[in-house]
2 protein chains.
Amino acid sequence: MARLPVYLRALTTLSEAGTTVCSSEDLAAAAGVNSAKLRKDLSYLGSYGTRGVGYDVDYLRYQIAREMGATRDWPVVIVGIGNLGHALANYSGFRSRGFRVVALLDADGQRHGEVVAGVVVRPFSDLRAIVREHGVAIGVIATPAAAAQDVADQMVDAGISSILNFAPTVLNVGAEIAVSKVDLSKELQVLAYHEQRKATQETA
Amino acid sequence: MARLPVYLRALTTLSEAGTTVCSSEDLAAAAGVNSAKLRKDLSYLGSYGTRGVGYDVDYLRYQIAREMGATRDWPVVIVGIGNLGHALANYSGFRSRGFRVVALLDADGQRHGEVVAGVVVRPFSDLRAIVREHGVAIGVIATPAAAAQDVADQMVDAGISSILNFAPTVLNVGAEIAVSKVDLSKELQVLAYHEQRKATQETA
DNA sequence: CTCGTTTTGTTCTCGCGTTCACAAACTCCT
DNA sequence: AGGAGTTTGTGAACGCGAGAACAAAACGAG
Ligand SMILES: NC(=O)c1ccc[n+]([C@@H]2O[C@H](COP(=O)([O-])OP(=O)(O)OC[C@H]3O[C@@H](n4cnc5c(N)ncnc54)[C@H](O)[C@@H]3O)[C@@H](O)[C@H]2O)c1
Ligand SMILES: NC(=O)c1ccc[n+]([C@@H]2O[C@H](COP(=O)([O-])OP(=O)(O)OC[C@H]3O[C@@H](n4cnc5c(N)ncnc54)[C@H](O)[C@@H]3O)[C@@H](O)[C@H]2O)c1
């Protein structure tokens, strides 16, 4: 159900535009998917639409948010406050979707005490205490690749059970830990691959 | 073939570790995939392995790089030099994988002239000239969501044919334009969904 | 030279997700 | 009230990718 966030965002956009009711066609167009797929996805959550009418935007939005766990606040820690870590800490889109950055951690002593987006950078060794104090379940890794596995191990050890990894490494963790990897170079390389194919096809 | 970049990275790691030959099992483990899937993927490119022996790491690496278009340099423009744009411009992983940031563009006049990672920030209106001058095919959008569609339209108009979009919007562009969307909030929301499910299962 | 071992390349099957298509259900108009 | 028009929810077919399994090929030992 990786599409629910997309639907949620589309519903929010519609709601802000003043729409109160929408058909599956409308919503599917806004989310960029097929309308049949959208209806099937929604049917897994329950019957929240009205036949012949459509879906109540705000009601459906609430239901999806509830299903996704977006009605509560999720505390998050970010480890590695370099270029990327700064950008993430400053990103308002996290906060507005229910993610609260409770701590910024870095191994580099030079960075300790620096305040980013209203949160002070602390030593990485504080991880365990912070996780326990705030009940953190989600950790973000924005360190260099070489440090990522070690950071992940310590996160798991401290009690974190979901990891968002920006470092270009495959993390070895237990199957009970959910890991999501974002690899920006990969995205660009896929685009370059398409460009490459376009170019070779034209010459052929 | 979105897995080729992962294989390429795994091969690079193996090569740096001094490995000259590897089996599909080894490489699959390093890339985090099934070995049968890996062999099938590689077989689409050609027969670059030796039965009973394995794959020559450097040779295979070159073949994958060639197939992906990673043997040449790809000029890239980044539009929207805010938090995220700064991080992307400073990211060394792009350069090392054959992507050269030839221009940083922003609509905000305050930012013009600022130098980020050795590249000066220029007005967005320079887009067309830069694309023509450097033969840019790939553009990165790191502007707020509200501006993303407009930026995309102008990119396409200027001749860009592949777009990497970080703004949380569905872009409407022609089918001949390749668009890759990275939605960091979505990743976190999927993780939160898993946490949510774990929690509700435990209580049940 | 032959046989056993290793590992690739490929075929085949299975399962999942996507999409089509249609009945059920609701609204509105007459 | 009844029928026409709309839109949801879902059953069924389709297609595609993943994984298991095996035959073909290379290598080395005897
Ligand atoms: N900058 C980007 O746009 C970008 C894009 C894609 C991927 N990445 C990846 O994200 C990661 C970070 O990139 P960056 O540009 O921010 O790098 P960076 O060098 O600017 O920042 C890394 C930070 O991690 C800290 N660190 C190092 N080891 C640590 C450890 N063991 N524990 C805690 N903190 C530690 C460093 O002190 C530093 O502050 C890299 O793996 C990079 O490949 C970055
Ligand atoms: N910061 C993050 O970590 C992060 C994470 C995920 C997604 N995003 C998304 O990336 C985008 C940028 O985020 P940010 O934090 O860097 O925002 P930001 O506000 O710091 O930067 C946006 C930049 O875009 C420029 N801009 C605005 N309109 C423009 C236009 N029409 N043409 C050219 N430039 C224009 C602004 O001048 C500004 O410099 C947003 O859409 C955000 O949702 C950011």
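Quick note on labels: first sequence line is chain A, next is B, and so on, each numbered from 1.
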(request) Go through dG9(D), dT18(C), dG19(D) for me and flag the one nearest to the Arg3(A) side chain. (result) dT18(C)
(request) Would you mind reading off the distance between Met1(A) atom CE and dG17(C) atom P, rounded to a whole angstrom? (result) 8 Å
(request) Give the rounded distance in Å between these two atoms: CG of Leu42(B) and P of dG9(C). (result) 8 Å
(message) Is the phosphate of dG9(C) approached by Ser47(B) (side-chain N or O, under 4.0 Å from OP1 or OP2)?
(response) yes
(request) Find the distance Arg39(A):CZ to dC22(C):P and express it as a whole number of Å. (result) 14 Å
(message) If you assign Ala36(A) and Gly52(A) each to the DNA chain D nucleotide with the nearest heavy atom, which residue ends up on the more 5' nucleotide?
(response) Gly52(A)
(message) Contact between Leu184(B) and Phe166(A) at the side-chain level, heavy atoms closer than 4.5 Å - yes or no?
(response) yes
(message) Please pick, from dG9(D), dA24(D), dT10(C), the nucleotide with the shortest atom-to-atom distance to any side-chain atom of Arg51(A).
(response) dG9(D)
(request) May I ask you to check whether over 12 heavy atoms, not counting those of Arg95(B), lie within 6.0 Å of atom CZ? (result) no
(request) Check whether any side-chain nitrogen or oxygen of Tyr55(A) sits under 4.0 Å from OP1 or OP2 of dG9(D), and answer yes or no. (result) yes
(request) Would you mind reading off the distance between Asp41(A) atom CG and dT18(C) atom C1', rounded to a whole angstrom? (result) 10 Å
(message) Starting the side chain at C-beta, find the nucleotide from dT10(C), dC27(D), dA25(C) nearest to Val53(B).
(response) dC27(D)
(request) Can you tell me the distance, in whole Å, between the CG atom of Leu38(A) and the P atom of dC20(C)? (result) 14 Å
(message) Output the rounded distance in Å from CD (Glu25(B)) to P (dT6(C)).
(response) 13 Å
(message) With hydrogens left out and only the distance checked, is there a donor-acceptor pair under 3.5 Å joining Lys37(A)'s side chain and the base of dG17(C)?
(response) no
(request) Could you check if a side-chain atom of Arg100(B) sits within less than 4.5 angstrom of a side-chain atom of Val76(B), using non-hydrogen atoms only? (result) no
(message) What is the distance, to the nearest angstrom, from the OH atom on Tyr44(B) to the C1' atom on dG17(D)?
(response) 9 Å
(request) Look at Thr50(B) and dA26(D) and indicate whether a side-chain polar atom (N or O) is within less than 4.0 Å of OP1 or OP2. (result) no
(request) Using a 4.5 Å cut-off on heavy atoms from C-beta on, say whether the side chain of Tyr7(B) contacts that of Val33(B). (result) yes
(message) On the nucleotide dG17(D), are OP1 or OP2 found under 4.0 Å from the side-chain N or O atoms that Asn34(B) carries?
(response) no
(message) Whether the side chain of Lys40(A) and the base of dT19(C) hold a donor-acceptor pair under 3.5 Å is what I'd like checked.
(response) yes
(request) Check whether any side-chain N or O of Ser24(B) sits under 4.0 Å from OP1 or OP2 of dT8(C), and answer yes or no. (result) yes
(message) Just so I know, are the side chains of Glu114(A) and Val120(A) near enough to count as touching, which here means a heavy-atom distance under 4.5 Å?
(response) no
